Amino acid sequence: ILEAMQYSLPVISTIEGGIPDMVKDGENGITVRPKDVQDLASAMAKLLDDKSLAKEMGHRARAIYEDLFTEEKFANNFIECLKKAMKQ
């Protein structure tokens with residue numbers, strides 16, 4: 001997911017675990033129900049049929065990646081977590 005976002009691609013994924021923290025349905029991608037082949041096919045067709053929507057979602061995906069998920073952001077967040085853990 002993060003690699004797709006890094007390359008300005010819209011994401012199609014299920015709503016499981018931490019995925020909803022990365023993929024905002026209708027904003028930077030499309031979320032589908034787990035194990036629902038028809039839902040997945042519909043999401044793929046939607047992005048293939050609407051190149052403008054796919055491009056727009058891809059740009060938003062890149063912006064979210066830049067704001068929250070770069071290596072630098074990850075490292076800084078990790079360091080902050082370690083600092084908090086050491087204080088306890």
Side-chain angles (χ1 to χ4, degrees):
I1 291 173
L2 292 179
E3 289 172 344
M5 292 170 70
Q6 182 180 9
Y7 287 96
S8 301
L9 298 172
V11 177
I12 299 173
S13 188
T14 56
I15 307 168
E16 293 189 28
I19 293 171
D21 293 331
M22 295 180 277
V23 181
K24 308 298 182 201
D25 189 54
E27 184 179 331
N28 66 325
I30 301 173
T31 54
V32 297
R33 292 179 297 275
K35 300 179 183 179
D36 188 330
V37 176
Q38 186 58 45
D39 207 17
L40 175 61
S42 294
M44 293 169 71
K46 182 176 185 171
L47 292 178
L48 288 170
D49 291 342
D50 191 341
K51 303 285 188 215
S52 176
L53 176 65
K55 189 174 184 176
E56 218 175 277
M57 285 185 175
H59 287 304
R60 287 192 213 121
R62 176 63 189 208
I64 291 170
Y65 172 82
E66 289 288 332
D67 285 344
L68 302 173
F69 299 112
T70 62
E71 278 187 57
E72 182 179 347
K73 301 272 181 165
F74 177 81
N76 289 337
N77 289 336
F78 187 68
I79 290 167
E80 288 304 312
C81 287
L82 290 176
K83 286 179 182 177
K84 286 179 185 177
M86 289 171 52
K87 289 180 183 179
Q88 294 179 357

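Every value quoted in this text rests on a predicted model; they were computed, and no experiment measured them. All residue numbers in this chain count up from 1 along the given sequence.
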Measure the CG-CE distance between Leu48 and Met44 for me, rounded to the nearest 0.5 Å. 6.5 Å
For Lys73 and Glu66, which heavy atoms make the closest approach, and how far apart are they? CE-O, 3.6 Å
Decide side chain to side chain contact (heavy atoms under 4.5 Å, CB included) for Leu9 and Glu3; before the verdict, give the C-alpha distance in whole Å, the side-chain angles of both, and the deciding distance to 0.1 Å. CA-CA 9 Å; Leu9 298 172; Glu3 289 172 344; over 6 Å; no
With no hydrogens and no angle check, is any side-chain donor or acceptor of Arg62 less than 3.5 Å from a backbone partner on Met5? no
Drop me the distance from Asp39's CG to Ile30's CD1, to the nearest 0.5 angstrom. 9.0 Å
Would Tyr65 and Val23 show up in the same hydrophobic cluster when neighbours are defined by side-chain heavy atoms closer than 4.5 Å? yes
Is Lys24 reaching over with its side chain to a backbone N or O of Pro20, donor-acceptor style, under 3.5 angstrom? yes
Are Val32 and Val11 co-members of a hydrophobic cluster defined by side-chain heavy atoms under 4.5 Å apart? no
Distance col, row Lys83:NZ vs Gln88:CD, nearest 0.5 angstrom, shows 15.0 Å
Could you tell me which non-hydrogen atom of Ser13 sits nearest to which non-hydrogen atom of Ile1, and how far apart they are? OG-CD1, 3.7 Å
Side-chain contact test, heavy atoms from C-beta onward, threshold under 4.5 Å: evaluate it for Asn28 versus Met22 and give yes or no. no
Hey, are the side chains of Thr31 and Thr14 touching, using non-hydrogen atoms and a 4.5 Å cut-off? no
Do you know the tightest heavy-atom contact between Pro10 and Met57? CB-CB, 3.7 Å
Is it true that a side-chain atom of Ser42 and a backbone atom of Gln38 form a donor plus acceptor pair closer than 3.5 Å? yes
A side-chain contact here means heavy atoms from C-beta on lying under 4.5 Å apart; do Lys46 and Leu53 qualify? yes
Ion pair present between Lys84 and Glu80, side-chain N to carboxylate O less than 4.0 angstrom? no
Do Ile64 and Ile19 sit in the same hydrophobic cluster, where Ile, Leu, Val, Met, Phe, Trp and Tyr count as joined when their side-chain heavy atoms come under 4.5 Å apart? yes
Where do Leu2 and Phe69 come nearest, in terms of heavy atoms and distance? CD2-CG, 3.5 Å
